[in-house]
Amino acid sequence: NGGHGCCFLHRYIPWQNRKPDLGRFDLFDRACRGHQRTLEQEERINVFVVPRIEEQRAWILLSKSPRPLTRKRKIIQVELYYLPNYVFNVEMENRKAKVNSMKICVDGIEGHFAYYDETELTEKPDTRGKSADFKISVDEAEKLGKDEFHRMVLRQSLKKRDEITIRSITFDKNVFYPYWIGYFRRKGAYDFESIDALSGQRQGVKMKPVIMRAILDSRD
């Protein structure tokens, strides 16, 4: 799945768009809006990204030696897994009042952040592979996405010396991204390798616990 000077505001919703503090009435209003948002999410259709690498090609890629001068993997079985991601729309404005928008995604298992470019992808409403369930809520994912995007914007600020305001970040959809997983035996135990089902790129240590958790949950 993988994946994607200026200053930023610590608050993502501009002050002029916020409601005045009306004590418990304001808290009640925010709770109602949160409940409405949950209902809207439940009505959203999950979409699945279509793999570009077929199973036969996945066997070949997963069997390759992970490092030079090492043996090829003797793959026993290959499976297609779809991992859950929350996709958010982010709207930004620079010091010249130019507004830009982009999409980011946060994986729904461990909360890793990435950019999301749907123009390069084909999405559909169903899947022929296994799919893992979300383990973190959309609110948790939004917070993780905000924090990581803050850091990204700050790094850009040091390079371009521009001032960027993050105007809003809003939930867009649930996206399930495909990975091919190949199982093999090593030192008397089972292990696995995984590749991105679109690019064929081998996944590293960052994705290992995410995929492991998805596999274990599917076995329950």
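- Counting only heavy atoms from C-beta outward, the side chains of Val106 and Asn85 never approach each other to under 4.5 Å.
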Val78 vs Leu62, side chain to side chain contact (heavy atoms under 4.5 Å, CB included): CA-CA, chis, key distance, verdict: CA-CA 9 Å; Val78 167; Leu62 288 164; 3.9 Å; yes
Worked check of side chain to side chain contact (heavy atoms under 4.5 Å, CB included) between Val90 and Phe149: CA-CA 9 Å; Val90 180; Phe149 198 71; 3.6 Å; yes
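- Side-chain contact check for Glu193 and Tyr183: no donor-acceptor pair (N or O, by modelled atom type) lies under 3.5 Å.
- Both Val87 and Leu121 are members of a single hydrophobic cluster when ILVMFWY side chains are connected at heavy-atom separations under 4.5 Å.
- One finds the CG atom of Leu144 at 11.0 Å from the CG atom of Asp139 (value rounded to the nearest 0.5 Å).
- Side-chain contact between Glu55 and Arg57 is absent, with no heavy-atom pair separated by less than 4.5 Å.
- The shortest side-chain heavy-atom distance between Ile215 and Ile181 falls under the 4.5 Å cut-off.
- Listed by chain and number, the residues in a side chain to side chain donor-acceptor pair (under 3.5 Å) with Lys208 are Asp191 (sequence neighbours excluded).
- A donor-acceptor contact closer than 3.5 angstrom links the side chains of Thr119 and Asp117.
- Every residue two or more places apart in sequence or in another chain that forms a side-chain contact (heavy atoms from CB on, under 4.5 Å) with Glu118 is listed here: Lys103, Tyr116, Glu123, Lys173.
- The SG atom of Cys105 sits 9.5 Å away from the CZ atom of Phe88 when rounded to the nearest 0.5 Å.
- For the pair Ile104 and Ile169, the minimum side-chain heavy-atom distance is below 4.5 Å.
- The 12-atom threshold is not exceeded at NZ of Lys143, counting heavy atoms of other residues, nucleotides or ligands nearer than 6.0 Å.
- No donor-acceptor pair closer than 3.5 Å links the side chain of Glu148 to the backbone N or O of Gly145.
- Summarising the geometry of Ile109 relative to Ala132, their closest heavy-atom pair is CD1-CB, 4.1 Å, with the distance given to 0.1 Å.
- Glu91 contributes no side-chain N or O that, together with a main-chain N or O of Asn89, makes up a donor-acceptor pair within less than 3.5 Å.
- To the nearest 0.5 Å, atom CG of residue Leu198 and atom CH2 of residue Trp180 are 11.5 Å apart.
- The closest donor-acceptor contact from the side chain of Tyr86 to the backbone of Ile136 lies under 3.5 Å.
- How far OG of Ser194 is from CG of Leu61: 12.0 Å, rounded to the nearest 0.5 Å.
- Ile76 and Phe192 are not part of a single hydrophobic cluster, where members link through side-chain heavy atoms under 4.5 Å apart.
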Side chain to side chain contact (heavy atoms under 4.5 Å, CB included) evaluation trace for Asp147 with Phe113: CA-CA 10 Å; Asp147 292 344; Phe113 168 94; over 6 Å; no
Would you check, one step at a time, whether the test side chain to side chain contact (heavy atoms under 4.5 Å, CB included) holds for Arg202 with Lys64? CA-CA 10 Å; Arg202 190 182 299 270; Lys64 288 184 176 181; 3.9 Å; yes
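- When every heavy atom of Asp133 is checked against every heavy atom of Pro84, the shortest pair comes out as O-CG, 3.6 Å.
- In this structure, Ile75 is not a member of the same hydrophobic cluster as Tyr190, with clusters built from ILVMFWY side-chain heavy atoms closer than 4.5 Å.
- Side-chain N or O atoms of Asp107 include one that pairs as donor or acceptor with a backbone N or O of His112 at under 3.5 Å.
- Under a hydrophobic clustering in which Ile, Leu, Val, Met, Phe, Trp and Tyr are joined whenever their side-chain heavy atoms come within less than 4.5 Å, directly or via other members, Trp59 and Leu80 fall into the same cluster.
- The CG atom of Asp172 lies 7.0 Å from the OG1 atom of Thr170; values are rounded to the nearest 0.5 Å.
- Separating the NZ atom in Lys130 from the CG atom in Leu83 is a distance of 13.0 Å, to the nearest 0.5 Å.
- The heavy-atom pair separating Ala214 from Tyr81 by the smallest distance is O-CE2, 4.1 Å.
- Heavy-atom contacts from other residues, nucleotides or ligands closer than 6.0 Å to NZ of Lys124 number more than 12.
- Across all non-hydrogen atoms, the minimal contact from Ile53 to Asp196 is CD1-O, 3.8 Å.
- Both Met212 and Tyr177 are assigned to one and the same hydrophobic cluster, defined by single-linkage of ILVMFWY side chains at heavy-atom distances under 4.5 Å.
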